[in-house]
Protein chains: 2
Amino acid sequence: MVFSISKPEPSSRWKRRKEDRPEEILNAALELFTEKGFAATRMDDVAKSAGISKGTLYNYFESKESIFHAVVQEMISPEIEKVETMVANYKGPTDHLLRQLIRAWWTNVGETRLSAIPKIVISESGNFPELAEFFVETVVKRARRLFTDVVSRGVVSGEFNLVETQAVARLIIAPLVYATIWQHSLKPFDDDYLSDEYVDLHIKFILKSLIKDQRFDV
Amino acid sequence: MVFSISKPEPSSRWKRRKEDRPEEILNAALELFTEKGFAATRMDDVAKSAGISKGTLYNYFESKESIFHAVVQEMISPEIEKVETMVANYKGPTDHLLRQLIRAWWTNVGETRLSAIPKIVISESGNFPELAEFFVETVVKRARRLFTDVVSRGVVSGEFNLVETQAVARLIIAPLVYATIWQHSLKPFDDDYLSDEYVDLHIKFILKSLIKDQRFDV
DNA sequence: TTAATTACTGACTGACCAGTCATTAAATAA
DNA sequence: TTATTTAATGACTGGTCAGTCAGTAATTAA
(Lines give C-alpha, C1' and ligand atoms only; values in the text may rest on other atoms or scores of the structure.)
Protein backbone atom coordinates (compact mmCIF):
# COMPACT_ATOMS: atom_id res chain seq x y z
CA MET A 1 0.00 0.00 0.00
CA VAL A 2 1.22 3.44 -0.85
CA PHE A 3 0.82 6.22 1.62
CA SER A 4 0.25 9.45 -0.11
CA ILE A 5 -0.13 12.87 1.37
CA SER A 6 -3.40 13.95 -0.06
CA LYS A 7 -4.20 17.60 -0.43
CA PRO A 8 -7.45 18.37 1.30
CA GLU A 9 -9.92 18.20 -1.55
CA PRO A 10 -11.28 21.74 -2.01
CA SER A 11 -14.99 21.73 -1.43
CA SER A 12 -15.35 23.25 -4.87
CA ARG A 13 -12.97 24.05 -7.68
CA TRP A 14 -14.03 27.71 -7.78
CA LYS A 15 -16.63 30.14 -6.56
CA ARG A 16 -18.78 32.53 -8.56
CA ARG A 17 -18.09 36.02 -7.32
CA LYS A 18 -19.34 38.35 -10.00
CA GLU A 19 -19.47 41.34 -7.68
CA ASP A 20 -15.92 41.31 -6.43
CA ARG A 21 -14.04 40.42 -9.61
CA PRO A 22 -13.70 43.84 -11.24
CA GLU A 23 -12.08 45.49 -8.25
CA GLU A 24 -9.79 42.55 -7.64
CA ILE A 25 -8.74 42.61 -11.27
CA LEU A 26 -8.00 46.34 -11.21
CA ASN A 27 -5.91 46.00 -8.06
CA ALA A 28 -3.92 43.12 -9.48
CA ALA A 29 -3.46 44.96 -12.75
CA LEU A 30 -2.21 48.20 -11.19
CA GLU A 31 0.31 46.28 -9.14
CA LEU A 32 1.65 44.45 -12.17
CA PHE A 33 1.59 47.51 -14.44
CA THR A 34 3.59 49.32 -11.78
CA GLU A 35 6.13 46.58 -11.56
CA LYS A 36 6.52 45.69 -15.24
CA GLY A 37 4.83 48.40 -17.28
CA PHE A 38 1.81 47.99 -19.47
CA ALA A 39 3.15 46.12 -22.49
CA ALA A 40 5.25 43.71 -20.43
CA THR A 41 2.44 42.73 -18.10
CA ARG A 42 0.92 39.42 -19.20
CA MET A 43 -2.80 38.91 -18.99
CA ASP A 44 -2.15 35.43 -17.61
CA ASP A 45 -0.36 37.03 -14.69
CA VAL A 46 -3.06 39.58 -14.05
CA ALA A 47 -5.53 36.70 -13.98
CA LYS A 48 -3.40 34.57 -11.69
CA SER A 49 -2.79 37.50 -9.37
CA ALA A 50 -6.53 38.19 -9.22
CA GLY A 51 -7.17 34.51 -8.48
CA ILE A 52 -8.96 33.69 -11.73
CA SER A 53 -8.19 32.33 -15.17
CA LYS A 54 -7.44 34.41 -18.22
CA GLY A 55 -10.76 33.60 -19.80
CA THR A 56 -12.60 35.08 -16.82
CA LEU A 57 -10.67 38.30 -17.24
CA TYR A 58 -12.31 38.70 -20.59
CA ASN A 59 -15.75 38.28 -19.10
CA TYR A 60 -15.18 41.50 -17.18
CA PHE A 61 -12.94 43.61 -19.43
CA GLU A 62 -12.83 43.49 -23.16
CA SER A 63 -9.11 44.12 -23.55
CA LYS A 64 -5.88 44.93 -21.78
CA GLU A 65 -6.28 48.60 -22.59
CA SER A 66 -9.77 48.75 -21.18
CA ILE A 67 -8.36 47.53 -17.89
CA PHE A 68 -5.92 50.40 -17.85
CA HIS A 69 -8.65 52.90 -18.69
CA ALA A 70 -10.66 51.58 -15.79
CA VAL A 71 -7.70 51.87 -13.42
CA VAL A 72 -7.27 55.55 -14.25
CA GLN A 73 -10.97 56.28 -14.26
CA GLU A 74 -11.71 54.55 -10.96
CA MET A 75 -8.63 55.47 -9.02
CA ILE A 76 -7.42 58.88 -10.17
CA SER A 77 -10.55 60.76 -11.09
CA PRO A 78 -11.93 60.65 -7.54
CA GLU A 79 -8.67 62.11 -6.20
CA ILE A 80 -8.80 65.03 -8.61
CA GLU A 81 -12.39 65.69 -7.70
CA LYS A 82 -11.51 65.87 -4.02
CA VAL A 83 -8.83 68.45 -4.69
CA GLU A 84 -11.01 70.46 -7.05
CA THR A 85 -13.61 70.71 -4.32
CA MET A 86 -11.01 71.78 -1.80
CA VAL A 87 -9.80 74.57 -4.07
CA ALA A 88 -13.31 75.72 -4.93
CA ASN A 89 -14.26 76.07 -1.27
CA TYR A 90 -11.06 77.59 0.06
CA LYS A 91 -11.36 81.08 1.51
CA GLY A 92 -8.00 81.95 3.11
CA PRO A 93 -4.83 83.45 1.65
CA THR A 94 -3.71 82.05 -1.70
CA ASP A 95 -0.20 81.13 -0.61
CA HIS A 96 -1.68 78.89 2.06
CA LEU A 97 -3.95 77.33 -0.53
CA LEU A 98 -1.06 76.66 -2.88
CA ARG A 99 1.04 75.19 -0.10
CA GLN A 100 -1.85 72.96 0.92
CA LEU A 101 -2.51 71.94 -2.66
CA ILE A 102 1.05 70.80 -3.24
CA ARG A 103 1.09 68.89 0.02
CA ALA A 104 -2.28 67.30 -0.76
CA TRP A 105 -0.97 66.14 -4.10
CA TRP A 106 2.08 64.67 -2.45
CA THR A 107 0.06 62.88 0.23
CA ASN A 108 -2.75 61.59 -1.97
CA VAL A 109 -0.77 60.73 -5.07
CA GLY A 110 2.98 61.09 -4.64
CA GLU A 111 3.16 58.81 -1.64
CA THR A 112 0.56 56.27 -2.76
CA ARG A 113 0.51 53.53 -5.37
CA LEU A 114 -1.13 56.04 -7.73
CA SER A 115 2.29 57.59 -8.11
CA ALA A 116 3.13 54.80 -10.56
CA ILE A 117 0.59 55.87 -13.13
CA PRO A 118 2.40 58.82 -14.75
CA LYS A 119 5.43 56.68 -15.40
CA ILE A 120 3.33 53.92 -16.91
CA VAL A 121 1.48 56.27 -19.26
CA ILE A 122 4.64 58.05 -20.33
CA SER A 123 6.44 54.80 -20.95
CA GLU A 124 3.75 53.35 -23.15
CA SER A 125 2.62 56.53 -24.90
CA GLY A 126 4.45 55.64 -28.11
CA ASN A 127 2.96 52.20 -28.48
CA PHE A 128 -0.44 52.86 -26.94
CA PRO A 129 -1.38 56.38 -28.01
CA GLU A 130 -5.06 56.04 -27.08
CA LEU A 131 -3.97 55.38 -23.55
CA ALA A 132 -1.88 58.56 -23.48
CA GLU A 133 -4.63 60.60 -25.06
CA PHE A 134 -7.12 59.37 -22.51
CA PHE A 135 -4.75 60.24 -19.66
CA VAL A 136 -4.02 63.73 -20.97
CA GLU A 137 -7.71 64.52 -21.27
CA THR A 138 -8.77 62.90 -18.01
CA VAL A 139 -5.92 63.88 -15.74
CA VAL A 140 -3.20 66.15 -17.09
CA LYS A 141 -5.38 68.98 -18.31
CA ARG A 142 -7.57 69.02 -15.22
CA ALA A 143 -4.57 69.05 -12.91
CA ARG A 144 -2.86 71.82 -14.83
CA ARG A 145 -6.01 73.93 -14.81
CA LEU A 146 -6.20 73.50 -11.06
CA PHE A 147 -2.73 74.93 -10.49
CA THR A 148 -3.16 77.63 -13.12
CA ASP A 149 -6.37 78.77 -11.44
CA VAL A 150 -4.77 78.98 -8.02
CA VAL A 151 -1.84 81.04 -9.32
CA SER A 152 -4.26 83.28 -11.18
CA ARG A 153 -6.25 83.82 -8.02
CA GLY A 154 -3.11 85.02 -6.26
CA VAL A 155 -2.22 87.36 -9.09
CA VAL A 156 -5.72 88.79 -9.36
CA SER A 157 -5.98 89.34 -5.63
CA GLY A 158 -2.65 91.13 -5.61
CA GLU A 159 -0.99 88.59 -3.34
CA PHE A 160 1.31 87.28 -6.09
CA ASN A 161 3.56 89.03 -8.58
CA LEU A 162 2.35 89.30 -12.14
CA VAL A 163 3.57 86.07 -13.78
CA GLU A 164 2.88 83.80 -16.71
CA THR A 165 0.41 81.55 -14.91
CA GLN A 166 0.65 78.68 -17.43
CA ALA A 167 4.43 78.51 -17.25
CA VAL A 168 4.38 78.81 -13.46
CA ALA A 169 1.82 76.01 -13.17
CA ARG A 170 4.16 73.79 -15.16
CA LEU A 171 7.12 74.76 -12.97
CA ILE A 172 5.12 73.80 -9.91
CA ILE A 173 4.01 70.46 -11.32
CA ALA A 174 7.31 69.41 -12.91
CA PRO A 175 9.32 68.58 -9.76
CA LEU A 176 6.34 66.74 -8.26
CA VAL A 177 5.66 64.49 -11.23
CA TYR A 178 9.37 64.10 -11.87
CA ALA A 179 9.80 62.76 -8.35
CA THR A 180 7.16 60.08 -8.92
CA ILE A 181 8.70 59.07 -12.22
CA TRP A 182 12.07 58.78 -10.56
CA GLN A 183 10.61 56.71 -7.72
CA HIS A 184 9.32 54.16 -10.18
CA SER A 185 12.25 54.00 -12.53
CA LEU A 186 15.77 55.01 -11.56
CA LYS A 187 15.49 55.14 -7.79
CA PRO A 188 16.39 51.45 -7.35
CA PHE A 189 19.65 52.11 -9.16
CA ASP A 190 20.48 55.38 -7.47
CA ASP A 191 21.90 55.30 -3.95
CA ASP A 192 20.91 58.92 -3.48
CA TYR A 193 17.63 59.26 -1.65
CA LEU A 194 14.85 61.81 -1.92
CA SER A 195 14.55 63.57 1.40
CA ASP A 196 11.38 65.21 2.63
CA GLU A 197 13.21 68.48 2.20
CA TYR A 198 12.72 68.17 -1.51
CA VAL A 199 9.02 69.03 -1.47
CA ASP A 200 9.38 71.56 1.34
CA LEU A 201 12.16 73.32 -0.49
CA HIS A 202 10.17 73.27 -3.69
CA ILE A 203 7.25 74.98 -1.97
CA LYS A 204 9.57 77.49 -0.39
CA PHE A 205 11.28 78.36 -3.68
CA ILE A 206 8.03 78.71 -5.61
CA LEU A 207 6.42 80.91 -2.98
CA LYS A 208 9.51 83.05 -2.65
CA SER A 209 9.20 83.88 -6.35
CA LEU A 210 5.45 84.31 -6.31
CA ILE A 211 4.73 86.28 -3.13
CA LYS A 212 5.19 89.97 -3.49
CA ASP A 213 8.19 91.40 -1.75
CA GLN A 214 6.81 93.00 1.40
CA ARG A 215 9.45 95.67 1.81
CA PHE A 216 7.41 98.53 0.37
CA ASP A 217 3.96 97.25 1.22
CA VAL A 218 2.37 98.53 4.39
CA MET B 1 9.11 40.39 -78.38
CA VAL B 2 8.21 41.67 -74.98
CA PHE B 3 9.26 45.12 -73.99
CA SER B 4 9.95 45.26 -70.36
CA ILE B 5 11.01 48.18 -68.27
CA SER B 6 14.11 46.84 -66.74
CA LYS B 7 15.37 48.22 -63.47
CA PRO B 8 18.94 49.33 -63.90
CA GLU B 9 20.79 46.28 -62.71
CA PRO B 10 22.69 47.35 -59.61
CA SER B 11 26.37 46.92 -60.22
CA SER B 12 26.45 44.81 -57.09
CA ARG B 13 23.94 43.55 -54.56
CA TRP B 14 25.76 45.13 -51.69
CA LYS B 15 28.99 46.80 -50.66
CA ARG B 16 31.34 45.94 -47.84
CA ARG B 17 31.61 48.99 -45.62
CA LYS B 18 33.01 47.74 -42.33
CA GLU B 19 34.10 51.20 -41.22
CA ASP B 20 30.80 53.02 -41.56
CA ARG B 21 28.41 50.39 -40.26
CA PRO B 22 28.64 50.99 -36.49
CA GLU B 23 27.84 54.68 -36.69
CA GLU B 24 25.03 54.10 -39.17
CA ILE B 25 23.57 51.45 -36.91
CA LEU B 26 23.68 53.69 -33.86
CA ASN B 27 21.98 56.53 -35.69
CA ALA B 28 19.25 54.28 -37.00
CA ALA B 29 18.81 52.74 -33.57
CA LEU B 30 18.51 56.03 -31.69
CA GLU B 31 15.91 57.23 -34.13
CA LEU B 32 13.81 54.10 -33.72
CA PHE B 33 14.28 53.90 -29.96
CA THR B 34 13.08 57.49 -29.78
CA GLU B 35 10.03 56.77 -31.85
CA LYS B 36 9.01 53.39 -30.41
CA GLY B 37 10.99 52.83 -27.24
CA PHE B 38 13.56 50.14 -26.65
CA ALA B 39 11.46 46.99 -26.30
CA ALA B 40 9.15 47.84 -29.20
CA THR B 41 11.94 48.54 -31.65
CA ARG B 42 12.50 45.52 -33.87
CA MET B 43 16.01 44.55 -34.83
CA ASP B 44 14.79 43.94 -38.38
CA ASP B 45 13.77 47.59 -38.54
CA VAL B 46 17.05 48.85 -37.15
CA ALA B 47 18.80 46.78 -39.81
CA LYS B 48 16.55 47.99 -42.59
CA SER B 49 16.91 51.58 -41.49
CA ALA B 50 20.70 51.21 -41.43
CA GLY B 51 20.58 49.69 -44.91
CA ILE B 52 21.74 46.20 -43.93
CA SER B 53 20.26 42.85 -42.97
CA LYS B 54 19.61 41.68 -39.47
CA GLY B 55 22.46 39.22 -39.60
CA THR B 56 24.92 42.00 -40.28
CA LEU B 57 23.70 43.85 -37.21
CA TYR B 58 24.96 40.95 -35.14
CA ASN B 59 28.38 41.16 -36.72
CA TYR B 60 28.79 44.59 -35.13
CA PHE B 61 26.80 44.41 -31.88
CA GLU B 62 26.20 41.35 -29.84
CA SER B 63 22.70 42.24 -28.71
CA LYS B 64 20.00 44.86 -28.69
CA GLU B 65 21.11 46.08 -25.30
CA SER B 66 24.70 46.50 -26.37
CA ILE B 67 23.46 48.84 -29.08
CA PHE B 68 21.76 50.97 -26.50
CA HIS B 69 24.85 51.03 -24.31
CA ALA B 70 26.86 52.21 -27.27
CA VAL B 71 24.36 54.96 -28.06
CA VAL B 72 24.63 56.38 -24.55
CA GLN B 73 28.37 55.94 -24.37
CA GLU B 74 29.12 57.51 -27.75
CA MET B 75 26.57 60.27 -27.75
CA ILE B 76 25.99 61.47 -24.20
CA SER B 77 29.33 61.08 -22.50
CA PRO B 78 31.06 63.59 -24.79
CA GLU B 79 28.37 66.18 -24.00
CA ILE B 80 28.85 65.81 -20.27
CA GLU B 81 32.58 66.12 -20.66
CA LYS B 82 32.18 69.39 -22.52
CA VAL B 83 30.08 70.83 -19.75
CA GLU B 84 32.37 69.54 -17.00
CA THR B 85 35.23 71.32 -18.67
CA MET B 86 33.26 74.52 -18.95
CA VAL B 87 32.44 74.46 -15.24
CA ALA B 88 36.00 73.65 -14.21
CA ASN B 89 37.41 76.59 -16.15
CA TYR B 90 34.81 79.19 -15.30
CA LYS B 91 36.03 82.21 -13.36
CA GLY B 92 33.14 84.71 -13.15
CA PRO B 93 30.20 85.02 -10.75
CA THR B 94 28.42 81.79 -9.84
CA ASP B 95 24.95 82.93 -10.80
CA HIS B 96 26.22 83.56 -14.33
CA LEU B 97 27.77 80.11 -14.36
CA LEU B 98 24.55 78.48 -13.22
CA ARG B 99 22.52 80.40 -15.76
CA GLN B 100 24.95 79.39 -18.49
CA LEU B 101 24.96 75.77 -17.34
CA ILE B 102 21.20 75.46 -17.51
CA ARG B 103 21.12 77.08 -20.92
CA ALA B 104 23.94 74.83 -22.16
CA TRP B 105 22.05 71.79 -21.04
CA TRP B 106 18.96 73.00 -22.83
CA THR B 107 20.84 73.76 -26.04
CA ASN B 108 23.02 70.65 -26.14
CA VAL B 109 20.55 68.10 -24.84
CA GLY B 110 17.04 69.47 -24.37
CA GLU B 111 16.71 70.71 -27.92
CA THR B 112 18.55 67.85 -29.65
CA ARG B 113 17.72 64.24 -30.37
CA LEU B 114 19.56 63.32 -27.17
CA SER B 115 16.55 64.61 -25.30
CA ALA B 116 14.85 61.29 -26.07
CA ILE B 117 17.24 59.23 -24.01
CA PRO B 118 15.95 59.90 -20.49
CA LYS B 119 12.45 58.89 -21.48
CA ILE B 120 13.73 55.71 -23.11
CA VAL B 121 15.75 54.67 -20.09
CA ILE B 122 12.96 55.45 -17.66
CA SER B 123 10.43 53.59 -19.74
CA GLU B 124 12.47 50.43 -19.95
CA SER B 125 14.05 50.49 -16.50
CA GLY B 126 11.73 47.80 -15.17
CA ASN B 127 12.35 45.30 -17.93
CA PHE B 128 15.98 46.17 -18.67
CA PRO B 129 17.53 47.01 -15.31
CA GLU B 130 21.13 46.77 -16.53
CA LEU B 131 20.33 49.52 -18.97
CA ALA B 132 19.01 51.75 -16.19
CA GLU B 133 21.94 50.98 -13.94
CA PHE B 134 24.38 51.82 -16.68
CA PHE B 135 22.61 55.13 -17.34
CA VAL B 136 22.51 56.11 -13.67
CA GLU B 137 26.22 55.49 -13.28
CA THR B 138 27.28 57.02 -16.59
CA VAL B 139 24.98 60.03 -16.77
CA VAL B 140 22.70 60.76 -13.84
CA LYS B 141 25.28 60.84 -11.09
CA ARG B 142 27.75 62.89 -13.08
CA ALA B 143 25.12 65.43 -14.05
CA ARG B 144 23.88 65.76 -10.49
CA ARG B 145 27.37 66.24 -9.17
CA LEU B 146 27.91 69.01 -11.68
CA PHE B 147 24.93 71.01 -10.46
CA THR B 148 25.62 70.25 -6.80
CA ASP B 149 29.17 71.53 -7.21
CA VAL B 150 28.08 74.76 -8.80
CA VAL B 151 25.53 75.46 -6.07
CA SER B 152 28.14 74.65 -3.45
CA ARG B 153 30.55 77.07 -5.05
CA GLY B 154 27.98 79.83 -4.73
CA VAL B 155 27.30 79.00 -1.11
CA VAL B 156 30.98 78.79 -0.18
CA SER B 157 31.79 82.07 -1.91
CA GLY B 158 28.94 83.77 -0.08
CA GLU B 159 27.04 84.60 -3.27
CA PHE B 160 24.20 82.16 -2.49
CA ASN B 161 22.11 81.57 0.61
CA LEU B 162 22.96 78.56 2.73
CA VAL B 163 20.87 75.76 1.19
CA GLU B 164 20.72 71.98 0.97
CA THR B 165 22.82 71.69 -2.16
CA GLN B 166 21.67 68.16 -3.03
CA ALA B 167 17.99 69.03 -2.84
CA VAL B 168 18.55 72.25 -4.77
CA ALA B 169 20.43 70.41 -7.51
CA ARG B 170 17.45 68.10 -7.90
CA LEU B 171 15.06 71.02 -8.04
CA ILE B 172 17.14 72.57 -10.80
CA ILE B 173 17.32 69.38 -12.83
CA ALA B 174 13.71 68.24 -12.39
CA PRO B 175 11.95 70.77 -14.64
CA LEU B 176 14.61 70.33 -17.32
CA VAL B 177 14.43 66.56 -17.52
CA TYR B 178 10.67 66.64 -17.05
CA ALA B 179 10.37 68.86 -20.10
CA THR B 180 12.29 66.38 -22.26
CA ILE B 181 10.19 63.49 -21.00
CA TRP B 182 7.04 65.40 -21.81
CA GLN B 183 8.33 66.26 -25.28
CA HIS B 184 8.74 62.61 -26.09
CA SER B 185 5.58 61.25 -24.52
CA LEU B 186 2.53 63.36 -23.87
CA LYS B 187 3.25 66.43 -25.96
CA PRO B 188 1.62 64.98 -29.09
CA PHE B 189 -1.61 64.58 -27.15
CA ASP B 190 -1.50 67.92 -25.38
CA ASP B 191 -2.48 71.03 -27.29
CA ASP B 192 -0.66 73.16 -24.75
CA TYR B 193 2.77 74.12 -25.92
CA LEU B 194 6.01 74.67 -24.04
CA SER B 195 7.06 78.26 -24.51
CA ASP B 196 10.64 79.46 -24.25
CA GLU B 197 9.53 81.27 -21.13
CA TYR B 198 9.50 77.98 -19.30
CA VAL B 199 13.28 77.66 -19.06
CA ASP B 200 13.80 81.40 -18.58
CA LEU B 201 11.28 81.50 -15.79
CA HIS B 202 12.83 78.41 -14.22
CA ILE B 203 16.24 80.09 -14.15
CA LYS B 204 14.71 83.26 -12.74
CA PHE B 205 12.86 81.44 -9.96
CA ILE B 206 15.87 79.37 -8.95
CA LEU B 207 18.22 82.32 -8.85
CA LYS B 208 15.73 84.43 -6.95
CA SER B 209 15.77 81.83 -4.19
CA LEU B 210 19.53 81.28 -4.29
CA ILE B 211 21.02 84.75 -4.62
CA LYS B 212 21.34 86.58 -1.35
CA ASP B 213 18.94 89.42 -0.85
CA GLN B 214 20.99 92.52 -1.55
CA ARG B 215 19.09 94.88 0.74
CA PHE B 216 21.59 94.84 3.56
CA ASP B 217 24.75 94.11 1.60
CA VAL B 218 26.92 96.99 0.56
C1' DT C 1 43.39 33.90 -62.85
C1' DT C 2 42.35 31.21 -58.86
C1' DA C 3 42.03 30.59 -53.94
C1' DA C 4 41.17 32.29 -49.46
C1' DT C 5 38.92 35.43 -46.60
C1' DT C 6 35.14 37.67 -44.59
C1' DA C 7 31.13 41.07 -44.94
C1' DC C 8 26.76 40.20 -45.63
C1' DT C 9 22.15 37.86 -46.35
C1' DG C 10 17.64 36.08 -44.97
C1' DA C 11 15.14 31.82 -43.88
C1' DC C 12 14.57 29.62 -39.77
C1' DT C 13 14.00 28.42 -34.63
C1' DG C 14 12.22 28.69 -30.27
C1' DA C 15 9.92 31.40 -27.11
C1' DC C 16 6.45 34.51 -25.98
C1' DC C 17 1.59 36.24 -25.49
C1' DA C 18 -3.31 38.67 -26.42
C1' DG C 19 -7.41 37.13 -27.19
C1' DT C 20 -10.94 33.04 -28.34
C1' DC C 21 -14.12 29.43 -27.51
C1' DA C 22 -15.72 24.75 -26.50
C1' DT C 23 -16.35 22.74 -22.23
C1' DT C 24 -17.26 22.31 -17.19
C1' DA C 25 -19.57 23.08 -13.06
C1' DA C 26 -21.66 26.38 -9.60
C1' DA C 27 -25.80 28.67 -8.69
C1' DT C 28 -30.56 29.18 -9.33
C1' DA C 29 -35.22 28.32 -11.17
C1' DA C 30 -38.77 25.14 -12.15
C1' DT D 1 -34.93 16.50 -7.94
C1' DT D 2 -34.13 18.13 -12.64
C1' DA D 3 -33.50 21.81 -15.98
C1' DT D 4 -31.64 26.16 -17.04
C1' DT D 5 -28.52 29.75 -16.76
C1' DT D 6 -24.08 31.66 -16.61
C1' DA D 7 -19.40 32.20 -14.14
C1' DA D 8 -15.29 30.21 -14.83
C1' DT D 9 -11.73 27.33 -17.10
C1' DG D 10 -7.56 26.48 -19.95
C1' DA D 11 -6.04 24.51 -24.36
C1' DC D 12 -5.50 26.57 -28.54
C1' DT D 13 -4.71 29.99 -32.50
C1' DG D 14 -2.40 33.30 -34.98
C1' DG D 15 0.89 36.61 -34.69
C1' DT D 16 5.30 38.67 -33.10
C1' DC D 17 10.30 38.91 -32.71
C1' DA D 18 15.45 38.33 -30.83
C1' DG D 19 18.95 35.89 -32.14
C1' DT D 20 21.26 31.97 -35.22
C1' DC D 21 23.64 29.96 -38.98
C1' DA D 22 24.35 27.85 -43.51
C1' DG D 23 25.12 29.81 -47.59
C1' DT D 24 26.39 33.77 -50.99
C1' DA D 25 29.20 37.11 -53.00
C1' DA D 26 32.45 41.12 -52.58
C1' DT D 27 37.13 41.79 -51.72
C1' DT D 28 41.84 40.63 -51.20
C1' DA D 29 45.87 37.54 -51.37
C1' DA D 30 48.43 34.18 -53.76
Side-chain angles (χ1 to χ4, degrees), chain A residues 7 9-30 32-33 35-71 120 123-124 126-131, chain B residues 9-26 28-30 32-33 35-71 120 123-124 126-131:
Chain A
K7 299 200 201 97
E9 192 63 25
S11 60
S12 59
R13 296 221 280 122
W14 38 263
K15 276 278 194 300
R16 299 168 72 162
R17 292 175 41 247
K18 196 171 157 53
E19 310 304 321
D20 301 332
R21 298 302 188 201
E23 192 184 335
E24 289 171 4
I25 292 169
L26 294 185
N27 283 328
L30 176 55
L32 287 165
F33 289 160
E35 186 186 324
K36 299 172 179 303
F38 179 79
T41 293
R42 285 178 281 119
M43 290 298 261
D44 266 317
D45 287 345
V46 175
K48 200 173 179 182
S49 180
I52 54 177
S53 71
K54 190 162 65 167
T56 302
L57 223 50
Y58 285 89
N59 288 342
Y60 293 97
F61 296 95
E62 70 173 15
S63 69
K64 204 180 178 184
E65 288 195 36
S66 75
I67 292 182
F68 189 83
H69 277 228
V71 167
I120 298 168
S123 300
E124 314 285 352
N127 302 108
F128 300 90
E130 331 70 43
L131 205 140
Chain B
E9 192 63 26
S11 60
S12 60
R13 298 221 279 121
W14 40 263
K15 276 277 196 296
R16 299 169 71 163
R17 292 175 41 247
K18 194 171 157 52
E19 309 304 321
D20 301 332
R21 297 303 187 201
E23 193 184 334
E24 290 171 3
I25 292 169
L26 294 186
L30 176 54
L32 287 165
F33 288 160
E35 186 187 325
K36 300 172 179 302
F38 180 78
T41 293
R42 285 179 280 118
M43 291 298 260
D44 266 316
D45 288 344
V46 175
K48 199 172 180 182
S49 180
I52 55 177
S53 71
K54 191 161 66 166
T56 301
L57 222 51
Y58 285 89
N59 287 343
Y60 292 98
F61 295 94
E62 69 174 17
S63 68
K64 203 179 176 185
E65 289 194 37
S66 75
I67 291 182
F68 189 83
H69 277 228
V71 167
I120 298 169
S123 300
E124 313 285 353
N127 302 108
F128 300 91
E130 329 70 44
L131 205 140

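Just so it is clear, the structure is predicted and the values come from calculations on it, not from any experiment. Chain identifiers are assigned alphabetically (A, B, ...) following the order of the sequence lines, protein sequences preceding nucleic acid strands; residue numbering begins at 1 within each chain.
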With sequence neighbours left out, the residues meeting salt bridge (charged side-chain N to carboxylate O under 4.0 Å, His left out) with A:R17 are A:D20, A:E24
Pairing residues for B:K54 by the salt bridge (charged side-chain N to carboxylate O under 4.0 Å, His left out) criterion, not counting sequence neighbours | B:D44
What do you reckon, is CD of A:E130 surrounded by more than 12 foreign heavy atoms closer than 6.0 Å?
-> yes
Roughly how far, to the nearest 0.5 Å, is the CD1 atom of B:I120 from the CG atom of B:L30?
-> 6.0 Å
Can you measure from CG (B:L57) to CE (B:M43) and round to the nearest 0.5 angstrom?
-> 4.5 Å
Taking only nitrogen or oxygen atoms into account, show me every contact under 3.5 Å that the protein makes with nucleotides 6-11 of chain D, one pair per line with its distance.
residue : atom : partner : partner atom : Å
D:dT6   : O4'  : A:R16   : NH2          : 3.3
D:dA7   : O4'  : A:R16   : NE           : 2.9
D:dA7   : O4'  : A:R16   : NH2          : 3.3
D:dA8   : OP1  : A:K15   : O            : 3.1
D:dA8   : OP1  : A:R17   : N            : 2.6
D:dA8   : OP1  : A:R21   : NE           : 2.9
D:dA8   : OP1  : A:R21   : NH2          : 2.8
D:dA8   : OP2  : A:Y60   : OH           : 2.4
D:dA8   : N7   : A:N59   : ND2          : 3.4
D:dT9   : OP2  : A:S53   : N            : 2.6
D:dT9   : OP2  : A:S53   : OG           : 3.0
D:dT9   : OP2  : A:T56   : OG1          : 2.7
D:dT9   : O5'  : A:S53   : OG           : 3.4

Residues two or more places apart in sequence or in another chain: which of them pass side chain to side chain donor-acceptor pair (under 3.5 Å) with A:N59?
-> none
side-chain contact (heavy atoms from CB on, under 4.5 Å) involving B:S66 - partner list, sequence neighbours excluded = B:F61, B:E62, B:S63
Figure out the [atom1]/[atom2] separation between [X] and [N], and round it to whole Å.
{"X": "B:Y58", "N": "D:dA22", "atom1": "OH", "atom2": "P", "result": "17 Å"}
{"X": "A:N127", "N": "D:dT16", "atom1": "CG", "atom2": "C1'", "result": "13 Å"}
{"X": "A:K64", "N": "D:dT16", "atom1": "NZ", "atom2": "P", "result": "16 Å"}

B:F38 and B:F128 aromatic ring geometry - parallel, tilted or perpendicular at 30°/60° bounds | perpendicular
Residues from residues 35-45 of chain B lying under 4.0 Å of DNA chain D - heavy atoms | B:T41, B:R42, B:M43
